[in-house]
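Please read the structure below before turning to the comments.
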Amino acid sequence: MKVPFLDLQAQYRSIKTEVDAAMARVLDASAYVGGPAVLAFEKDFAAFTGTAHCVGLNSGTAALALLLQANGIGDGDEVITVANSFFASAEAISEIGAVPVLVDCREDDALIDASLLEEAITPKTKAIIPVHLYGQPADMDAVNDIAEKHELLVFEDACQAHGASYKGRPAGSLADGAAFSFYPGKNLGAYGDAGAVTTNDEVDATTIRMLREHGSMVKYTHELVGWNERMDGLQGAVLGVKLPLLAQWNDKRRALAAYYRKNLPEWVVPFAAHDDRVSAMHLFVVRVQDRDAVQKHLAEHGIQTGIHYPVPIHLQPAYDGMWKQGNFPVAEKMAGELLSLPMYAELTEEAAAETCAALKAFGAAR
Ligand SMILES: *Cc1c(COP(=O)(O)O)cnc(C)c1O
């Protein structure tokens with residue numbers, strides 16, 4: 001049995017009629033950039049995240065960068081994020097001229113270690129970007145308390161956390177603003193690149209609406225130097241069809257995660273799932289010794305896996321000279337042990353069982 005890591009075609013087949021019709025409406029109206037489908041999605045996604053405003057953009061990276069820029073963060077400022085994340089969490093900080101400052105992650109959940117934040121804060125620090133990695137919200141009370149004490153802004157990197165919650169409140173509503181990505185492989189994925197900011201701050205929302213559109217509110221009047229980072233009409237249409245299904249898809253992911261937790265051999269160690277949070281279960285990541293051999297064994301049995309992420313941000317070549325090996329030991333150790341098992345709503349329990357069986361066979365042969 002072949003078990004793909006992710007199967008985007010299975011999902012498309014299940015919603016093809018609705019998606020095709022929604023896309024046809026955009027094409028009929030030639031509403032290619034922005035337009036009614038994007039406006040409708042923005043309204044629905046703001047409601048979904050329990051926020052006052054959603055601004056549709058062309059990527060999650062743009063969402064992070066625009067949140068910073070809209071708050072006047074730029075040259076010479078420092079923004080803190082976490083070493084174990086997708087590169088864009090730090091890249092967005094660099095893009096707008098600020099300096100990324102990293103802290104290590106926690107051993108138990110792979111999320112930002114809030115106890116390390118205070119020693120990373122300097123007079124130049126302006127904001128903190130906790131990442132809800134793999135779908136589980138970071139410890140937002142701890143991050144927000146420190147931010148309040150030092151008068152810093154907090155922006156959630158919620159690019160993997162559509163539909164997650166922390167103490168009953170939705171990801172996207174837990175700080176001064178949040179960035180979402182709708183890259184096709186995310187829990188809520190477009191059919192191309194897309195992203196959004198959610199926030200309760202009306203001024204930020206307005207500024208980001210301008211920044212995404214060449215700094216203009218009124219056509220050909222440019223009050224700011226901005227970017228071209230709008231959401232496409234076709235993406236808005238696809239997302240509008242998918243959003244009402246997200247909760248049930250996330251439920252399926254969580255059911256599969258529960259299955260994995262019950263049936264994995266004990267040498268395969270999942271991360272802690274905190275009682276005060278509901279994960280969107282974007283990725284089901286475990287830690288194993290001898291990771292490369294385990295991954296190879298699974299591949300030989302037709303089971304595709306991923307590594308999120310094989311190289312921590314501070315050791316990326318683009319940041320050569322800014323940090324060195326040994327700076328963030330937890331993230332470094334983890335990078336050699338992480339393994340992401342197949343996880344998507346359409347994955348069958350039979351396929352998850354196959355994955356567990358292949359892992360047990362590897363353990364028995366060792
Ligand atoms: C996907 C992702 C991003 C970037 O989103 P894009 O839409 O690809 O630009 C940022 N941070 C994290 C944690 C992500 O997973």
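Remember, it's 1-based here, ligands and their atoms both numbered in the order they're listed.
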Exercise. Using non-hydrogen atoms of the residue, decide whether His132 is closer than 4.0 angstrom to ligand 1.
Key: no
Nearest-neighbour protein heavy atom for [atom], which is reported as residue plus atom name and distance:
atom: atom 11 (N) of ligand 1; answer: Asp157 OD2, 2.8 Å
atom: atom 14 (C) of ligand 1; answer: Lys186 NZ, 3.0 Å
atom: atom 7 (O) of ligand 1; answer: Ser181 OG, 2.6 Å

Within the structure, does [X] bring an N/O atom to less than 3.5 angstrom of an N/O atom in ligand 1?
X: Asp193; answer: no
X: Gln160; answer: yes
X: Ser85; answer: no
X: Phe86; answer: no

Practice problem: Using side chain to side chain contact (heavy atoms under 4.5 Å, CB included) as the criterion, point out the one residue from Ile93, Val79, Leu67 that pairs with Ile73. | Solution: Val79
Using a strict 4.0 Å cut-off to heavy atoms of [X], name the atoms of ligand 1 that fall inside it.
X: Thr61; answer: 4 (C), 5 (O), 6 (P), 9 (O)
X: Ala88; answer: 4 (C), 10 (C)
X: Val131; answer: 13 (C)

Self-check item: Counterpart residues, salt bridge (charged side-chain N to carboxylate O under 4.0 Å, His left out), relative to Arg277 (two or more places apart)
Solution: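 Testing Arg277 for salt bridge (charged side-chain N to carboxylate O under 4.0 Å, His left out), a comparison that skips the adjacent residues, returns none.
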Quiz item: Going by atom types only, do Asp139 and Tyr166 share a side-chain donor-acceptor pair under 3.5 Å?
Solution: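 Yes, because at least one side-chain N or O of Asp139 sits under 3.5 Å from a partner of the opposite role on Tyr166.
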Quiz item: Looking only at side chains, do Trp227 and Gln69 share a donor and an acceptor under 3.5 Å apart?
Solution: yes
Quiz item: Below 4.5 Å, heavy atoms only, C-beta onward: do Arg212 and Val55 meet side chain to side chain?
Solution: yes
Exercise. Of the side chain and backbone of Ser59, name the one, both, or neither that has a heavy atom under 4.0 Å from an atom of ligand 1.
Key: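 Within the 4.0 Å criterion, Ser59 contacts ligand 1 through backbone and side-chain atoms alike.
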Quiz item: Trp267 ring centre to Arg366 NZ or CZ under 6.0 Å, with the angle to the axis within 45°?
Solution: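 Yes, cation above the ring, under 6.0 Å and within 45°.
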Quiz item: Would a line drawn from the ring center of Tyr319 to the ring center of Phe87 be shorter than 6.0 Å?
Solution: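 Close enough - the centres of the two rings lie under 6.0 Å apart.
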Quiz item: Parallel, tilted or perpendicular: which fits the ring planes of His314 and Trp323, with parallel below 30° and perpendicular above 60°?
Solution: perpendicular
